[in-house]
Amino acid sequence: MAEPNMRQFDPLPDNAIVYRTLLRKQWIDEDTGRVKADAYFLRVNEHGLSVNLASACSPQQCAELFRKCYGVASLKVKGVREVGLDVEQDSVNHANVVGLPCREDDLAEAERLAGLLARQSQIVWKPG
C-alpha cells in the first residue's frame, strides 16, 4: 500500500516557525498570559497537532481561518525537534506536530511533551 502523500514536501528547516491557533479560552493562562499545556494535547482522532507555517501566513491570517480564536502562538521547529517530536508539512501553508501520544495512551508522556511545547511557545497575536 502506498504511503500517504506526507512526503511530497521537503522536511522543514530547523529555523522555520509554525503557528498554533488557540481555539479555546482555557488554553491561555489569564494570570501570566502564557500558553497552557492544554493547547498541545493530541485528540484521539488526530494524526498530529495542526499548525500553520509562518512563511505562508501571518498570525492574523491564521486566526481568521476560524470563527472564534483567542490567540495565535508561535513555535520554532528546532525546539519541537529538540523534545523528540517533528513537524511534517502536508500542504502549502499547513503542517502537523507529530510524535505526540494521546493522553489515553500515555498520560504522563502526553503531559510532559505538552508542557515542553507550551513553555517554548509565545503568543504572537490576540484579538484586539
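Computed from a predicted structure; not experimentally measured.
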State, yes or no, whether a side-chain contact exists between [X] and [Y] at a heavy-atom distance under 4.5 Å.
X	Y	answer
Pro11	Asp86	no
Arg81	Leu12	yes
Val87	Asn96	no
Leu85	Leu49	no

Among the clusters formed by ILVMFWY side chains lying less than 4.5 Å apart, do [X] and [Y] turn up in the same one?
X	Y	answer
Leu113	Val98	no
Phe66	Tyr70	yes
Leu65	Val97	yes
Val51	Val83	yes

Going by the rule side chain to side chain donor-acceptor pair (under 3.5 Å), which residues pair with Ser55 if we only count those two or more places apart in sequence or in a different chain?
none
Side chain to side chain donor-acceptor pair (under 3.5 Å) with Arg43: which residues, sequence neighbours excluded?
Glu46
What donor-acceptor contacts under 3.5 angstrom involve side-chain atoms of residues 120-128, with partners at least two apart or in another chain?
unit_1: Gln120; atom_1: NE2; unit_2: Gly79; atom_2: O; d: 3.0
unit_1: Ser121; atom_1: OG; unit_2: Tyr40; atom_2: OH; d: 3.2
unit_1: Ser121; atom_1: OG; unit_2: Ala118; atom_2: O; d: 3.0
unit_1: Trp125; atom_1: NE1; unit_2: Gln60; atom_2: OE1; d: 3.3

To the nearest 0.5 Å, tell me how far [X] [atom1] sits from [Y] [atom2].
X	Y	atom1	atom2	result
Leu22	Lys36	CG	NZ	11.5 Å
Leu23	Lys68	CG	NZ	11.0 Å
Leu53	Asp90	CG	CG	8.5 Å

Please report the closest heavy-atom contact between [X] and [Y], naming both atoms and the distance.
X	Y	answer
Ala56	Asn93	CB-CB, 3.5 Å
Ala63	Cys69	CB-SG, 3.7 Å
Cys62	Val72	CB-CG2, 4.4 Å
Val35	Ala73	CG2-CB, 3.7 Å
Asn52	His94	ND2-CD2, 4.3 Å

Does anything in residues 18-27 form a side chain to side chain donor-acceptor pair (under 3.5 Å)? List the pairs, not counting sequence neighbours.
none
Side chain to side chain donor-acceptor pair (under 3.5 Å) contacts touching residues 105-115 (sequence neighbours left out):
Glu109-Arg112
Does atom CD of Glu30 have more than 12 heavy-atom neighbours from other groups under 6.0 Å away?
no
List for me each residue that meets side chain to side chain contact (heavy atoms under 4.5 Å, CB included) alongside Lys76, sequence neighbours excluded, and say none if there are none.
Ile17
